[in-house]
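Structure first, commentary second.
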Amino acid sequence: MASLSFKHIYKKYPGGVTAVSDFCLEVKDKEFIILVGPSGCGKTTTLRMIAGLEEITEGELFIGDRLVNDIAPKDRDIAMVFQNYALYPHMTVFDNMAFGLKLRKTPKEEIKRRVEEAARILDITHLLERRPKALSGGQKQRVALGRAIVREPKVFLLDEPLSNLDAKLRAQMRTELTKIHQKLGTTFVYVTHDQVEAMTMATRIVVMKDGLIQQVATPQNLYDLPVNVFVAGFIGTPQMNFVNCRLEKEKGTEDLYFVFGQNKLKLPPEKATADEIKDYIGKEVIIGIRPECLHDEQRYLDDMPDSIIEADVEVTELMGSEILMYIVTSGGTEDLDEPQNLVARVSPRSTTRSGDTIKIALDATRIHIFDKDTEQCIIH
């Protein structure tokens, strides 16, 4: 098994295009690391540099204790699972899984043992004599995983392996991949643009944007303590609500309020008295609050009298276990009439419907405050 160490890695293409900048990361042995971010953020390029399919322009990459910058892909002791499966159509499942071992002149009995063991782990023993055209998308994905498993590599690299599957199968395969990682006890580096995959499977998540690491953290810490507006908005479905507002201090008191449009909401004392916030009094900031922290139930309205807004309901979506409520309230700090769109995640028992005008309580203890210029988090 192996750790990975990235030391100031850069990938620059001809013409001055920098795909990855100053990538520094320590991946522990047996971790499940997921690189996540929008298309073009550099995550697949990073994966291909680990595999040796892309040259590293600057920096050093270690797999275990070995510097691998100039080592050929076949000698790096890694296995890669691609988005399109890349199975040989004329070969059986057994032969597809065994192909890499045959090239290495592994003894036949050892090949048979490894393929059968991988097939058992993946529950595809009954498919070993079939050809790829007779397999479903999920079965092809398992075969591609099996081909990687039989190599017994130090590091598994997975490039959006579930993106071609339907929603139900993708959810099943997320669970299966987590089980496989636990069984194999190997280091996994996984690339996806799907933050649900990242949140459910990763030991730690690396959020990337424009070739730069934005934040590295456990899924829960990433959700609860985002370092900037980009991370806060990228992680979570629906995404965090952002409101431009002004921080104002009540004369003669220590009370702080965030004001947007016709709304004036009180900051909880622990946030209002924090040292980090003092320089922002009287200035514009960005407030972030997640949809589940907006409430329409009377008990919340009673408990949070200082953080209530009035809003018009534009659309409600019943999701079964919850209702997503798309609302609009007055907002903006320049123009009192500028509308502010928010999303609330409320109880499925809510009787609110499109066209209603309602009161919504914001849980001000759960807000995040960001600097308007740098978009860095000031306080959680």
Side-chain angles (χ1 to χ4, degrees), residues 1-2 4 29-33 44 47-54 63-64 66 68 71-165 169-170 172-192 201:
M1 303 309 120
L4 286 167
D29 186 22
K30 302 180 184 177
E31 265 201 293
F32 198 136
I33 286 282
T44 295
L47 200 74
R48 289 172 64 83
M49 285 193 286
I50 302 170
L53 303 176
E54 295 277 2
I63 297 178
R66 187 167 65 146
V68 297
I71 291 176
K74 66 184 178 63
D75 299 322
R76 292 192 179 197
D77 206 1
I78 52 93
M80 191 158 179
V81 179
F82 295 93
Q83 184 175 350
N84 61 0
Y85 317 136
L87 302 178
Y88 297 107
H90 62 288
M91 291 185 183
T92 64
V93 167
F94 183 97
D95 289 335
N96 262 288
M97 290 170 66
F99 186 69
L101 298 178
K102 287 176 181 175
L103 287 181
R104 293 181 171 200
K105 298 190 167 42
T106 306
K108 280 187 178 179
E109 281 305 309
E110 178 67 6
I111 290 174
K112 185 171 184 292
R113 183 191 70 76
R114 288 199 199 179
V115 170
E116 287 177 351
E117 173 66 10
R120 184 186 62 76
I121 290 170
L122 294 162
D123 195 22
I124 54 172
T125 303
H126 59 295
L127 304 176
L128 289 176
E129 298 308 313
R130 291 193 196 175
R131 285 184 165 76
K133 67 179 180 181
L135 304 178
S136 69
Q139 289 169 336
K140 287 177 184 174
Q141 185 58 72
R142 286 167 191 259
V143 176
L145 279 167
R147 187 174 53 195
I149 288 169
V150 297
R151 295 266 308 277
E152 297 182 354
K154 288 182 177 177
V155 181
F156 278 90
L157 308 177
L158 301 101
D159 187 10
E160 305 214 24
L162 309 185
S163 61
N164 291 339
L165 306 180
L169 195 51
R170 202 153 60 223
Q172 289 175 350
M173 282 304 294
R174 284 203 306 265
T175 308
E176 291 302 318
L177 274 171
T178 304
K179 287 180 186 172
I180 290 164
H181 174 251
Q182 290 167 352
K183 281 181 186 174
L184 297 177
T186 313
T187 308
F188 275 45
V189 183
Y190 186 109
V191 159
T192 183
M201 293 193 294

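- Contact check on R114 versus E117 returns no salt bridge, with no Lys/Arg side-chain nitrogen under 4.0 Å from an Asp/Glu carboxylate oxygen.
- Closest approach of V81 and P161 over heavy atoms only: CG1-CB, 4.3 Å.
- From I180, atom CD1 reaches atom CE of M173 across 6.0 Å, with rounding to the nearest 0.5 Å.
- Here the closest heavy-atom approach between residue K154 and residue A2 is recorded as CB-CB, 3.6 Å.
- Using modelled atom types, no side-chain atom of D159 and backbone atom of V191 make a donor-acceptor pair closer than 3.5 Å.
- At a threshold of 4.5 Å between non-hydrogen side-chain atoms, the residues V189 and I78 do not count as touching.
- Atom CZ in R147 sits 10.0 Å away from atom CG in L145 (nearest 0.5 Å).
- Under the side-chain hydrogen bond (donor to acceptor under 3.5 Å, both in side chains) criterion, T106 pairs with no residue, sequence neighbours left out.
- Between atom CZ of residue R48 and atom CE of residue M80 there is a gap of 6.0 Å, rounded to the nearest 0.5 Å.
- Take R174 and apply the salt bridge (charged side-chain N to carboxylate O under 4.0 Å, His left out) test, not counting sequence neighbours, and it matches no residue.
- Atoms CG and OG1, on L162 and T192 in that order, are 7.5 Å from each other to the nearest 0.5 Å.
- Residues passing the salt bridge (charged side-chain N to carboxylate O under 4.0 Å, His left out) test with E160, sequence neighbours excluded: none.
- A pairwise comparison of heavy atoms in A119 and M97 identifies N-CE, 4.0 Å as the closest pair.
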For residues 121-138, run the donor-acceptor check on the side chains, cut-off 3.5 Å, and write out each pair with its distance to 0.1 Å, sequence neighbours left out.
from, atom 1, to, atom 2, distance (Å)
R131, NE, H90, O, 3.0
S136, OG, Q139, N, 3.3
S136, OG, Q139, OE1, 3.4

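- Closest non-hydrogen pair, I63 versus I50, comes out as CD1-O, 4.3 Å.
- Across all their heavy atoms, A51 and P73 have their closest contact at O-CB, 3.3 Å.
- Within the 4.5 Å cutoff, the side chain of I33 has no heavy atoms near those of the L4 side chain.
- For the atom pair CD (Q141) and CD (E176), the distance works out to 12.0 Å, reported to the nearest 0.5 Å.
- Between F188 and F32, the ring-plane angle classifies as tilted under the 30° and 60° cut-offs.
- When side chains are defined from C-beta on, M201 does not count as touching H181, because their heavy atoms never get closer than 4.5 Å.
- For the residue pair I111 and K102, the shortest heavy atom distance occurs at CD1-CG, 3.7 Å.
- Applying the salt bridge (charged side-chain N to carboxylate O under 4.0 Å, His left out) rule to K74 yields no partners; only residues at least two apart in sequence or on another chain are considered.
- Classification of R113 and E110 as a salt-bridged pair holds, one side-chain N sitting under 4.0 Å from a carboxylate O.
- Remark: L47 CG to F82 CZ distance equals 8.5 Å, nearest 0.5 Å.
- Legend: residues meeting salt bridge (charged side-chain N to carboxylate O under 4.0 Å, His left out) with D77, ordered by chain and number and at least two apart, are absent.
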